[in-house]
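Right, one structure below, let's go through it.
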Amino acid sequence: MGQAMRNLLPYLAWATALAAVGGSLYFSEVAGLTPCLLCWYQRILMFPLLVILTVGILRVDPKIHWYVLPFSLTGMGVAVYHYLLQIAVIPEKLAPCTAGVSCVAKQIFWLHFITIPFLSLIAFAIISTAMVVYAKAETK
């Protein structure tokens with residue numbers, strides 16, 4: 001991988017985080033969808049990524065992946081768990097949501113498989129993959 005391509009990876013991660021934060025705010029503030037507990041956990045892990053990536057890009061920090069990956073990989077884990085709850089691979093009784101919006105509720109259901117946790121999973125996966133590739137290219 002060329003140096004120019006490697007240098008674009010933080011921008012890909014940043015643009016993905018920006019889209020995820022924007023989408024999350026759209027769903028709650030414009031569309032009026034109330035986030036469940038697991039959605040809040042995913043927000044807690046995604047929102048700082050936008051700031052961390054912005055600072056890392058502005059500082060041209062070659063170790064940006066060290067700050068991003070703990071958030072993105074943890075977020076990906078929460079998103080996988082949430083999505084598996086929604087598609088009934090994990091039983092509903094294991095859902096942590098006891099009050100408010102149920103974690104198994106599909107507030108959007110596009111193309112019969114795309115839900116909000118699925119979108120979150122894709123965003124965390126793109127960010128994580130970009131940072132892993134960025135880190136691997138550094139060692140060469």
Side-chain angles (χ1 to χ4, degrees):
M1 169 181 298
Q3 188 65 26
M5 183 64 83
R6 178 182 182 266
N7 291 340
L8 290 177
L9 291 172
Y11 292 96
L12 171 63
W14 178 85
T16 303
L18 180 64
V21 167
S24 173
L25 291 173
Y26 170 81
F27 284 135
S28 64
E29 303 305 318
V30 177
L33 303 177
T34 303
C36 71
L37 182 65
L38 289 176
C39 288
W40 275 114
Y41 291 159
Q42 290 164 80
R43 283 177 168 209
I44 289 166
L45 292 162
M46 180 62 74
F47 284 32
L49 281 174
L50 187 56
V51 176
I52 293 167
L53 285 160
T54 300
V55 172
I57 289 168
L58 291 174
R59 292 186 50 121
V60 192
D61 187 346
K63 303 290 186 187
I64 192 172
H65 55 281
W66 285 106
Y67 315 119
V68 171
L69 284 170
F71 285 91
S72 64
L73 292 173
T74 304
M76 196 162 63
V78 173
V80 165
Y81 182 77
H82 194 180
Y83 187 63
L84 292 176
L85 275 170
Q86 284 192 329
I87 62 171
V89 172
I90 296 174
E92 185 175 350
K93 66 182 178 183
L94 296 177
C97 303
T98 55
V101 178
S102 170
C103 290
V104 298
K106 297 173 185 162
Q107 294 182 321
I108 66 163
F109 196 54
W110 300 330
L111 303 175
H112 301 288
F113 75 97
I114 298 172
T115 64
I116 293 173
F118 182 81
L119 294 171
S120 174
L121 171 60
I122 297 302
F124 280 121
I126 291 169
I127 293 167
S128 297
T129 302
M131 290 295 100
V132 167
V133 172
Y134 181 83
K136 291 230 181 246
E138 176 191 41
T139 60
K140 292 182 182 182

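For this chain, numbers begin at 1 and follow the sequence in order.
In plain terms, the two heavy atoms of His65 and Ala135 that are nearest each other are CD2-CB, 3.4 Å. Of all heavy-atom pairs spanning Ala137 and Arg6, the tightest one is CB-CD, 3.5 Å. Between Cys36 and Val101, the shortest heavy-atom contact is CB-O, 3.5 Å. For the pair Val133 and Leu9, the tightest heavy-atom approach, listed with the atom from each and the gap, is CG1-CD1, 3.6 Å.
Side-chain atoms of Phe109 and Ile114, non-hydrogen and from C-beta on, never get closer than 4.5 Å to each other. Under the 4.5 Å side-chain criterion, counting only non-hydrogen atoms from C-beta, Phe27 is in contact with Ile108. Gln42 has its side chain within reach of Leu38: a pair of non-hydrogen atoms, C-beta onward, lies under 4.5 Å apart. You'll find the side chain of Ser120 stays beyond 4.5 Å of the side chain of Met76, heavy atoms only. A 4.5 Å side-chain heavy-atom check between Phe124 and Leu49 finds at least one atom pair inside the cut-off. Side-chain contact between Arg43 and Pro35: present, with at least one pair of heavy atoms (C-beta onward) separated by less than 4.5 Å. Inter-residue side-chain proximity for Gln86 and Ile116 is flagged as unmet; no heavy-atom pair is nearer than 4.5 Å. Annotation: side chain of Tyr81 is in contact with side chain of Leu94 (closest heavy-atom distance under 4.5 Å).
Interatomic distance, CG of Leu45 versus OG1 of Thr74, reported as 6.0 Å (0.5 Å rounding). A distance of 13.5 Å separates OG1 in Thr54 from CZ in Arg59, rounded to the nearest 0.5 Å. Between the CG atom in Leu84 and the CG atom in Leu121 there is a gap of 9.0 Å [rounded to 0.5 Å]. Annotation: the span from His112 atom NE2 to Lys106 atom NZ amounts to 10.5 Å, rounded to 0.5 Å.
Residues Val80 and Val89 are members of one and the same hydrophobic cluster, defined by side-chain heavy-atom contacts under 4.5 angstrom among Ile, Leu, Val, Met, Phe, Trp and Tyr. A continuous path of ILVMFWY side-chain contacts below 4.5 Å connects Ile127 to Leu25, so both sit in one hydrophobic cluster. Grouping the Ile, Leu, Val, Met, Phe, Trp and Tyr side chains by contacts below 4.5 angstrom, directly or via other members, places Tyr26 with Phe47. Under the 4.5 Å side-chain contact rule for hydrophobic residues, Val21 and Trp40 do not share a cluster. Both Leu18 and Leu119 are assigned to one and the same hydrophobic cluster, defined by single-linkage of ILVMFWY side chains at heavy-atom distances under 4.5 Å.
Using a distance-only test at 3.5 Å, with no hydrogens or angles considered, no donor-acceptor pair links the side chain of Ser24 to the main chain of Ala20.
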* To do: Could you walk me through whether Trp14 and Ile64 pass side-chain contact (heavy atoms from CB on, under 4.5 Å), step by step?
  => CA-CA 11 Å; Trp14 178 85; Ile64 192 172; over 6 Å; no

* Just do the side-chain contact (heavy atoms from CB on, under 4.5 Å) check on Val68 and Tyr134 with the steps written out, would you? => CA-CA 11 Å; Val68 171; Tyr134 181 83; over 6 Å; no

* To do: Begin from the C-alpha positions of Val60 and Ile57 and carry the test side-chain contact (heavy atoms from CB on, under 4.5 Å) through to its verdict.
  => CA-CA 5 Å; Val60 192; Ile57 289 168; over 6 Å; no

* To do: Quick one: do Glu92 and Leu85 satisfy side-chain contact (heavy atoms from CB on, under 4.5 Å)? Show the steps, please.
  => CA-CA 6 Å; Glu92 185 175 350; Leu85 275 170; 5.7 Å; no

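Classification of the Tyr83-Phe118 ring pair by plane angle, with boundaries at 30° and 60°, yields tilted.
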